[in-house]
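Below: the structure, in structure tokens.
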Protein chains: 2
Amino acid sequence: MPHRRQVRMTKQRQIILDTLRKTCTHPTADELYHKVRKTLPHISLGTVYRNLETLNNMGLITRLLFGGGQMRFDGNIETHHHVSCRYCNRIEDIPEDAVTTLAISPDAMEGFSMLGHELYFVGICNSCKEKKEQRVEMR
Amino acid sequence: MPHRRQVRMTKQRQIILDTLRKTCTHPTADELYHKVRKTLPHISLGTVYRNLETLNNMGLITRLLFGGGQMRFDGNIETHHHVSCRYCNRIEDIPEDAVTTLAISPDAMEGFSMLGHELYFVGICNSCKEKKEQRVEMR
DNA sequence: GTCGTTGCAAAGATTTTGCAGCGGC
DNA sequence: GCCGCTGCAAAATCTTTGCAACGAC
């Protein structure tokens with residue numbers, strides 16, 4: 001009989017969770033590490049990574065899938081959607097009621113048990129758009 | 001007056017594009033590198049990365065945003081959606097007509113110029129589900 | 001012939017891991 | 001007191017880059 005190992009709430013884990021919940025910029029592990037260091041100056045980056053993994057498995061946070069190659073995290077676990085800038089990879093929330101209808105054929109995903117979905121809009125943010133207009137080379 | 005530099009179609013670039021188009025598994029750069037090496041044994045991984053970047057900028061391929069931390073690429077640039085397994089990160093296509101309605105409030109994304117959207121469903125594939133049932137520790 | 005591209009190898013960036021001591025429960 | 005967790009540092013993984021030779025146009 002397998003059993004799930006106990007998970008302890010350490011000071012580090014609690015502060016990582018609190019800090020992520022107060023941060024609405026969908027930070028990378030490293031960005032969050034620097035924020036947490038203001039409260040816990042001796043915490044290590046490895047601990048931040050390990051806790052983000054654990055908290056994600058516990059369902060207390062979400063690992064975003066849109067980091068431009070880098071992982072990003074979200075302390076808001078309510079269903080919501082995101083816009084992302086193709087150039088600077090900034091990620092912002094979309095109000096929940098902006099997406100009015102989303103109907104999915106139920107047998108479309110046979111072979112998978114669904115856990116949820118994420119909808120990403122890709123665009124150019126105004127700041128990058130201005131830069132782009134100044135120099136074509138950016139692409 | 002800035003001008004866009006000329007882009008050449010080299011043998012390497014063409015074969016990378018052809019190989020990606022024939023691959024429906026949304027490969028990582030490294031997976032594609034090993035496939036391309038069957039045709040071009042001396043190609044380097046750096047060349048594969050550089051060309052994937054270039055082809056993405058040319059709009060001939062798509063960089064997927066769902067790689068579990070690693071970048072994945074798709075030779076199919078038609079609008080379509082994906083299912084991904086949370087555990088093995090496998091990505092599969094969803095038939096285009098499976099998502100019947102998707103209505104977005106137009107002013108929801110002010111501050112961004114929209115380029116497109118991607119819809120990801122997250123689930124557990126049958127193979128990982130079986131493994132998970134055998135040993136709870138998986139997570 | 002020009003200049004974008006390649007292979008190679010080294011560097012850079014990001015994430016994971018081994019380990020001995022620490023500290024929740 | 002047990003055993004999960006931490007800090008540290010090293011390792012592993014993934015991606016980018018400098019450079020001289022090459023090759024598309």
Side-chain angles (χ1 to χ4, degrees), chain A residues 2-17 19-20 26-34 36-58 60-61 63-73 87-89 136-137 139, chain B residues 2-17 19-20 26-58 60-61 63-73 87-89 136-139:
Chain A
H3 81 288
R4 179 156 293 156
R5 50 148 65 171
Q6 131 178 224
V7 175
R8 293 176 185 163
M9 184 51 73
T10 61
K11 190 194 289 189
Q12 286 87 339
R13 183 164 295 158
Q14 185 67 59
I15 288 176
I16 287 169
L17 179 56
T19 306
L20 182 56
H26 312 86
T28 62
D30 192 65
E31 286 164 2
L32 191 60
Y33 165 63
H34 285 290
V36 169
R37 285 231 296 183
K38 289 173 188 164
T39 311
L40 294 173
H42 296 291
I43 199 171
S44 72
L45 183 55
T47 297
V48 173
Y49 272 103
R50 275 182 295 225
N51 276 299
L52 288 170
E53 163 84 17
T54 304
L55 290 167
N56 181 59
N57 286 339
M58 293 168 75
L60 294 177
I61 68 172
R63 191 198 294 265
L64 295 183
L65 306 163
F66 207 88
Q70 209 172 148
M71 291 191 297
R72 288 180 175 273
F73 298 87
Y87 296 99
C88 66
N89 286 320
V136 172
E137 227 29 53
R139 297 215 275 193
Chain B
H3 80 288
R4 178 157 295 157
R5 49 147 63 174
Q6 132 178 223
V7 175
R8 293 176 186 163
M9 185 49 74
T10 60
K11 189 193 291 188
Q12 287 87 339
R13 184 164 293 157
Q14 186 66 59
I15 288 176
I16 287 169
L17 179 56
T19 306
L20 182 57
H26 313 86
T28 61
D30 191 65
E31 286 164 1
L32 191 60
Y33 165 64
H34 285 290
K35 287 212 169 195
V36 169
R37 286 231 295 183
K38 290 174 186 163
T39 311
L40 294 173
H42 296 291
I43 199 172
S44 73
L45 183 55
T47 298
V48 173
Y49 271 104
R50 275 183 294 225
N51 275 299
L52 287 170
E53 163 84 18
T54 304
L55 291 168
N56 181 58
N57 286 339
M58 293 167 76
L60 294 176
I61 67 173
R63 191 198 292 266
L64 295 183
L65 307 162
F66 206 88
Q70 211 171 147
M71 291 191 296
R72 290 179 175 271
F73 299 88
Y87 295 100
C88 65
N89 285 320
V136 171
E137 228 30 52
M138 175 168 181
R139 293 228 270 191

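Lettering follows sequence order; numbering is per chain, from 1. Computed over heavy atoms, backbone and side chain alike; hydrogens, waters and symmetry mates excluded.
Taken from CD in B:Gln70 to OG1 in B:Thr28, the straight-line distance is 5.0 Å, to the nearest 0.5 Å. Interatomic distance, CG of A:Leu60 versus CG of A:Leu20, reported as 10.5 Å (0.5 Å rounding). Annotation: the span from A:Ile15 atom CD1 to A:Leu32 atom CG amounts to 11.5 Å, rounded to 0.5 Å. Interatomic distance, B:Arg72 CZ to B:Glu31 CD, rounded to the nearest 0.5 Å: 5.0 Å. In this structure, the separation between CD1 on B:Ile61 and CG on B:Asn51 is 9.0 Å, given to the nearest 0.5 Å. Between the CZ atom of A:Arg63 and the CG atom of A:Asn57 there is a distance of 7.5 Å, given to the nearest 0.5 Å.
Of all the residues in residues 10-17 of chain B, B:Thr10, B:Gln12, B:Arg13 reach under 4.0 Å from DNA chain C with at least one non-hydrogen atom. A heavy atom closer than 4.0 Å to some atom of DNA chain C occurs in B:His42, B:Ile43, these being the qualifying members of residues 29-43 of chain B.
The two residues B:Met58 and B:Val7 make their nearest non-hydrogen contact at SD-CG1, 3.8 Å. Annotation for A:Arg8 and A:Arg13: closest pair O-NH1, 2.6 Å, computed over non-hydrogen atoms. B:Leu45 approaches B:Tyr33 most closely through the heavy-atom pair N-CE1, 3.5 Å.
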Can you pull every protein N or O that's under 3.5 Å from an N or O on nucleotides 16-19 of chain C?
from   : atom 1 : to      : atom 2 : distance (Å)
C:dG18 : O6     : A:Arg50 : NH1    : 3.3

Where do N or O atoms of nucleotides 1-3 of chain C meet protein N or O atoms at under 3.5 Å, pair by pair?
from  : atom 1 : to     : atom 2 : distance (Å)
C:dC3 : O2     : B:Arg8 : NH1    : 3.2
C:dC3 : O2     : B:Arg8 : NH2    : 3.2

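Side chains of A:Glu53 and A:Tyr49 form no contact here, defined as non-hydrogen atoms less than 4.5 Å apart. Taking 4.5 Å as the limit, every side-chain heavy atom of B:Met71 sits out of range of all side-chain heavy atoms of B:Leu52.
Computed from coordinates, the B:Arg72 CZ to D:dT15 P distance equals 10 Å when rounded to whole Å. Counting to the nearest Å, the P atom of C:dG4 and the CE atom of B:Met58 are 14 Å from each other.
The end-to-end axis angle of the helix from C:dG1-D:dC25 to C:dC25-D:dG1, rounded to 10 degrees and based on five pairs per end, is 50°.
In terms of the side-chain contact (heavy atoms from CB on, under 4.5 Å) criterion, residue partners of B:Arg50 (sequence neighbours excluded) are, by chain and number, B:Thr47.
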